[in-house]
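Comments concern the structure below.
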Amino acid sequence: MFKWKLGFIGAGNMASSIVKGVLRNKVVDPDQIYVYDIDLNKTTELTNHTRVVVANNNHDLMKKCSIIIIAVKPNAFDNLLDDISKDITDRHILVSIAAGISTEYIKSKINNRCKVVRVMPNTPALVGEGMSVICKNHGLDQEESSVISSIFLSLGRVEEVDESLINSVTAVSGSSPAYVYLFIEALADAGVMMGLPRAQCYRMAAQSVLGAAKMVLELEEHPGVLKDMVCSPGGTTIEAIYTLEQKGFRGAIMEAVRNCSLKADSMDKKNR
């Protein structure tokens, strides 16, 4: 039985995904989840779909909940921490899912009054296929660590890394769904250019990406090996691969990931 009450400050896409994931997997009951957002339309929409409890304000939520998932934009973090600082006790665990905000910075803002965990989820959590990365060295005991893991396992897969690597995580998994959507859109555009219906192109491209990703995870083969399985000598696929390599496809992806990570680094430095 989940003995903690779970609070969400912010009710946007990611918070909604987490709420729906924990409910779908019966990690927690709806009456154990409290949500508050300054945009009342968001909380109303979420509670209409999930029957979770809408808190009156942040202070009300802090009093009722022990695990607090902070799901606000990084630029709203300072004001939020100032607002809830006096409500924080040592029974609380703050879980931040914001890019560019370190646990060290959060602890300094709240005078180290409770435990703080940093997690980088991604939007495929909405369909139960998320990748959430939890920072190690967060000072949780075994039971607390298990509870935090169970929340994010309900959204898909979970990995752990040292917080020093979290900005690389942001670039590789946190932001990467956007790169994949761009790839799917480009595949579909090409199909339309060659006469295929757009809706059909999206389905074919998306299913191919889904299947390819599943093969990497389930067969545990190197992606290069799986690529070679598709490339017949002198065939159509190797011609396409040659074109992608010639146009710098691999290098463009690597540069995009690198720049995303550097941007997250610069955000971290501003919040120290």
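Hydrogens, waters and symmetry mates are skipped; everything else that's a heavy atom, side chains included, is used. In this text the structure is predicted, and so the values were computed from the model without any measurement.
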Quiz item: Within the distance-only criterion (no hydrogens, no angle test), does the side chain of S149 pair as donor or acceptor with the backbone N or O of S145 below 3.5 angstrom?
Solution: yes
Quiz item: Between K136 and E163, does at least one N-O distance fall below 4.0 Å, as a salt bridge requires?
Solution: no
Quiz prompt | N/O donor-acceptor pair under 3.5 Å between N57 side chain and D60 backbone | solution = yes
Quiz item: Is a side-chain N or O of D29 found less than 3.5 angstrom from the main chain of Q32, in a donor-acceptor match?
Solution: no
Quiz item: In terms of heavy-atom contacts, does CD of Q246 have more than 12 from other residues, nucleotides or ligands at under 6.0 Å?
Solution: yes
Exercise. Mind running side chain to side chain contact (heavy atoms under 4.5 Å, CB included) on I106 and I101 for me, showing each step along the way?
Key: CA-CA 7 Å; I106 295 172; I101 308 288; 3.6 Å; yes
Quiz item: Going hydrophobic residue to hydrophobic residue with side-chain gaps under 4.5 angstrom, can you get from L196 over to I184?
Solution: no
Quiz item: Among the clusters formed by ILVMFWY side chains lying less than 4.5 Å apart, do I70 and I38 turn up in the same one?
Solution: yes
Quiz item: Passes salt bridge (charged side-chain N to carboxylate O under 4.0 Å, His left out), D90 versus K115? Steps please.
Solution: CA-CA 7 Å; D90 59 6; K115 295 175 181 178; over 6 Å; no
Quiz item: Can you find a pair of side-chain heavy atoms, one from I67 and one from I148, that are under 4.5 Å apart?
Solution: yes
Practice problem: Search all heavy atoms of K107 against all heavy atoms of V116 and return the closest pair with its distance. | Solution: CG-CG2, 3.7 Å
Practice problem: Answer yes or no: is there a donor N or O on one side and an acceptor on the other, between the side chain of S85 and the main chain of D82, under 3.5 Å? | Solution: no
Practice problem: Please check if V54 and I33 belong to a single hydrophobic cluster, counting links between Ile, Leu, Val, Met, Phe, Trp and Tyr side chain heavy atoms closer than 4.5 Å. | Solution: no
Self-check item: Minimum side-chain heavy-atom gap S175-T170 below 4.5 Å
Solution: yes
Quiz item: If you look at every heavy atom in A98 and F77, which pair is closest and at what distance?
Solution: CB-CE1, 3.5 Å
Exercise. Return the minimal non-hydrogen interatomic distance between V158 and F152, and the atom names on each side.
Key: CG2-C, 3.6 Å
Exercise. Could you tell me whether the side chain of I151 reaches within less than 4.5 Å of the side chain of V95, counting heavy atoms only?
Key: no
Self-check item: side chain to side chain contact (heavy atoms under 4.5 Å, CB included) evaluation trace for R250 with E245
Solution: CA-CA 7 Å; R250 193 187 303 248; E245 294 286 15; 2.5 Å; yes
Quiz prompt | Flag for H92-D87: side-chain donor and acceptor within less than 3.5 Å | solution = no
Quiz prompt | Residue pair A11 / D37: nearest heavy atoms and the distance that separates them | solution = N-OD2, 2.7 Å
Quiz item: Out of curiosity, Y34 OH to N58 CG, how far, rounded to the nearest 0.5 Å?
Solution: 15.0 Å
Self-check item: NZ/NE/NH1/NH2 to OD/OE distance under 4.0 Å, R51 and D31
Solution: no
Quiz item: What distance do L80 atom CG and N75 atom CG have between them, rounded to the nearest 0.5 Å?
Solution: 11.5 Å
Ignoring hydrogens and angles, write down the donor-acceptor pairs under 3.5 Å from the side chains of residues 39-46, residues two or more places apart or on other chains.
| from | atom 1 | to | atom 2 | distance (Å) |
| --- | --- | --- | --- | --- |
| D39 | OD1 | N41 | N | 3.1 |
| T43 | OG1 | L40 | O | 2.9 |
| T44 | OG1 | L40 | O | 2.8 |

Practice problem: Taking the side chain as every heavy atom from C-beta outward, state whether K263 and S266 have any pair of such atoms under 4.5 Å apart. | Solution: yes
Quiz prompt | Shortest non-hydrogen separation from R24 to V127 and the atoms involved | solution = NH2-C, 4.4 Å
Quiz prompt | Heavy-atom side-chain proximity of L23 to P30 below 4.5 angstrom | solution = yes
Quiz item: How many angstroms lie between CZ in R258 and CD in E255, if you round to the nearest 0.5 Å?
Solution: 5.0 Å
Exercise. Measure across T123 and M14 and return the closest heavy-atom pair with its distance rounded to 0.1 Å.
Key: N-CE, 3.5 Å
Quiz item: Donor-acceptor pair, S232 side chain versus G235 backbone, under 3.5 Å?
Solution: no
Practice problem: Measure the shortest side-chain to side-chain distance between P233 and I238 over non-hydrogen atoms and say whether it is less than 4.5 angstrom. | Solution: no
Quiz item: Got a salt bridge between D189 and R198, using NZ or NE/NH1/NH2 to carboxylate O under 4.0 Å?
Solution: yes
Exercise. Kindly determine whether V169 and N167 satisfy side chain to side chain contact (heavy atoms under 4.5 Å, CB included), including the steps that lead there.
Key: CA-CA 5 Å; V169 169; N167 292 331; over 6 Å; no
Quiz item: Roughly how far, to the nearest 0.5 Å, is the CG atom of L6 from the CG atom of L61?
Solution: 9.0 Å
Self-check item: Donor-acceptor contact present, side-chain N122 to main-chain M131, <3.5 Å
Solution: yes
Quiz item: To the nearest 0.5 Å, what is the distance between OH (Y181) and OG (S176)?
Solution: 9.0 Å
Quiz prompt | Sub-4.5 Å side-chain heavy-atom contact between E221 and V216 | solution = no
Exercise. Decide yes or no on side chain to side chain contact (heavy atoms under 4.5 Å, CB included) for E144 and I93, but give the supporting numbers first.
Key: CA-CA 9 Å; E144 292 166 340; I93 300 172; 3.9 Å; yes
Practice problem: State yes or no: do L126 and V22 share one hydrophobic cluster built from I, L, V, M, F, W and Y residues joined by side-chain heavy-atom distances below 4.5 Å, directly or via other members? | Solution: no
Quiz item: Would the number of heavy atoms belonging to other residues, nucleotides or ligands and lying under 6.0 Å from NZ of K64 be above 12?
Solution: yes
Quiz item: Between N25 and V27, is there a donor-acceptor pair closer than 3.5 Å when you use the side chain of the first and the backbone of the second?
Solution: no
Exercise. Kindly say whether V257 contributes a backbone atom to a donor-acceptor pair with the side chain of S261 at under 3.5 angstrom?
Key: no
Quiz item: Do R118 side-chain atoms and T103 backbone N/O form a donor-acceptor pair below 3.5 Å?
Solution: no
Quiz item: Is there a donor-acceptor contact under 3.5 Å from the side chain of R157 to the main chain of V133?
Solution: no
Quiz item: For the atom pair CE (M254) and CG (N259), what is the distance rounded to the nearest 0.5 Å?
Solution: 12.0 Å
Quiz item: In terms of hydrophobic clustering (I, L, V, M, F, W, Y; side-chain heavy atoms under 4.5 Å; direct or indirect links), are W4 and I134 co-clustered?
Solution: yes
